[in-house]
Number of protein chains: 2
Amino acid sequence: MNPLIHELFQRSRFLTQEANHTLKKFNLFTSQWSVLYCIQRHKEMTLTQIWKYLNVEAPTITRTVNRLAELGWIEICSGKDKREKIVKLSEHALQQYPAIKTAMMEFEDQMVAGLSKEEEVQLFELLKKIR
Amino acid sequence: MNPLIHELFQRSRFLTQEANHTLKKFNLFTSQWSVLYCIQRHKEMTLTQIWKYLNVEAPTITRTVNRLAELGWIEICSGKDKREKIVKLSEHALQQYPAIKTAMMEFEDQMVAGLSKEEEVQLFELLKKIR
DNA sequence: AAGATATACTTAGCTAGCTAAATAAAATCC
DNA sequence: GGATTTTATTTAGCTAGCTAAGTATATCTT
């Protein structure tokens with residue numbers, strides 16, 4: 001395998017794993033956090049908005065959202081359009097949110113601590129050239 | 001989420017997905033190909049050698065190797081040490097190998113076609129700084 | 001207004017990563 | 001040489017991505 005692509009997969013696995021460790025004390029997984037994060041930013045979202053925003057397929061979000069509801073992190077209601085489901089953070093999630101966000105920002109800063117600000121920008125631009 | 005980390009996850013998902021499409025005509029998935037690839041390079045390997053080489057956990061390799069054996073891509077034999085399993089490519093795999101390798105090299109070249117040789121090296125070095 | 005098409009979400013089933021704990025063989029230590 | 005520890009692999013069970021196909025509601029077309 002192309003060493004560049006191989007390295008990218010390695011880094012991706014490493015980061016999800018480390019993020020999972022960070023989130024463990026909140027009883028959350030990385031992808032669950034991604035969903036909570038984007039709901040918080042938009043206050044409320046439909047499932048379609050979520051999966052388009054995160055750039056994954058719909059069934060992935062159906063499953064994660066249901067799990068988050070089971071665990072009490074989010075509430076699901078239905079809007080005027082009976083097909084769609086509107087999702088928002090629960091009271092519990094709103095309370096916990098700042099602490100989790102802080103922990104995750106620290107974690108992310110730590111992960112990219114080896115790069116200067118210019119290198120971060122450079123890496124970001126180079127990644128976008130893969131397609 | 002840090003936009004850099006987010007972008008890295010996006011690229012990683014995109015690449016596995018595209019690689020899966022490329023491999024579809026050989027009835028293989030990306031991770032299965034990774035295993036075949038490294039077995040071919042080493043002629044034969046134990047499971048432990050494989051998961052250490054690919055930097056994943058042992059159960060992941062147990063499952064993928066068993067699936068590859070079921071599908072007739074590899075043969076599993078046992079060595080002097082009765083704990084370990086030694087794995088090598090089947091006749092079928094050896095025959096197909098060059099065609100798959102060619103297809104995958106074309107695919108990989110295409111994926112990084114947007115980058116100059118210097119940018120490839122740069123990207124590789126920057127990725128390694130994430131830890 | 002009825003039929004056709006599009007959209008939102010779900011279900012089923014696959015690969016693929018992980019952790020924790022179990023099993024069996026090998027190696028090490030009195 | 002017998003008990004202990006280490007090593008190789010497996011099993012069970014979780015998250016998380018995907019595709020393909022199904023259901024229900026909205027919208028569009030004529």
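Letters go in sequence order (proteins before strands), and every chain restarts at 1.
Dashed line: the shortest gap from a side-chain N or O of K24(B) to OP1 or OP2 of dT19(D) is not under 4.0 Å. Between T62(B) and dT9(D), a side-chain N or O to OP1/OP2 separation shorter than 4.0 Å is absent. Contact annotation: T60(A) side-chain N/O to dA16(D) OP1/OP2 distance is not under 4.0 Å. At least one side-chain nitrogen or oxygen of K85(B) sits closer than 4.0 Å to the OP1 or OP2 atom of dT10(D). Close to dT9(D), at under 4.0 Å from its OP1 or OP2, lies a side-chain N or O of T48(B).
In this entry the distance linking CD1 of I61(B) with C1' of dG17(C) reads 10 Å, nearest Å. In this structure, the CD atom of E57(A) is 18 Å from the P atom of dT15(C), given to the nearest Å. With rounding to whole Å, N55(B) atom CG is found 15 Å from dA16(C) atom C1'. Regarding N20(A), its CG atom lies at a distance of 14 Å from the C1' atom of dG17(D), rounded to whole Å. Distance, E70(B) CD to dC14(C) P: 11 Å, rounded to whole Å. The interatomic distance linking M45(A) (CE) with dA8(C) (C1') rounds to 15 Å, in whole Å. The interatomic distance linking I50(B) (CD1) with dA16(C) (P) rounds to 14 Å, in whole Å. Taking atom CH2 of residue W51(B) and atom C1' of nucleotide dC18(C), one finds them 13 Å apart after rounding to whole Å.
Heavy atoms only, all atoms of each residue included: I50(B) and C38(B) are closest at CG2-SG, 4.1 Å.
Put simply, the side chain of R83(B) and the base of dT9(D) share no donor and acceptor less than 3.5 Å apart.
Other residues, nucleotides and ligands contribute more than 12 heavy atoms inside 6.0 Å of the CD atom of E70(A).
Checking N66(B) against Q17(B), the closest nucleotide of DNA chain D that is more toward the 5' end is the one next to N66(B). Residue whose closest nucleotide on DNA chain D sits further toward the 5' end, between D81(B) and P59(B): D81(B). Between T30(B) and Q49(A), the residue anchored nearer the 5' end of DNA chain C, judged by the nucleotide with its closest heavy atom, is Q49(A).
Contacts of E84(B) with the nucleic acid, taken as non-hydrogen atoms under 4.0 Å apart, involve only primed sugar atoms and P, OP1 or OP2. Residue T16(A) is out of contact with every strand shown, counting any heavy-atom pair closer than 4.0 Å. Contact annotation for R63(A): base contact, defined as any heavy-atom pair under 4.0 Å involving a base atom.
A salt bridge between E7(B) and R11(B) is present, with a side-chain N of the basic residue lying under 4.0 Å from a carboxylate O of the acidic one.
Looking only at atom types and distance, the side chain of H6(B) has a donor-acceptor partner in the side chain of Q10(B) under 3.5 Å away.
Tested against L36(B) for a side chain to side chain contact (heavy atoms under 4.5 Å, CB included), the candidates V87(B), T64(B), L89(B) yield a single pass: L89(B).
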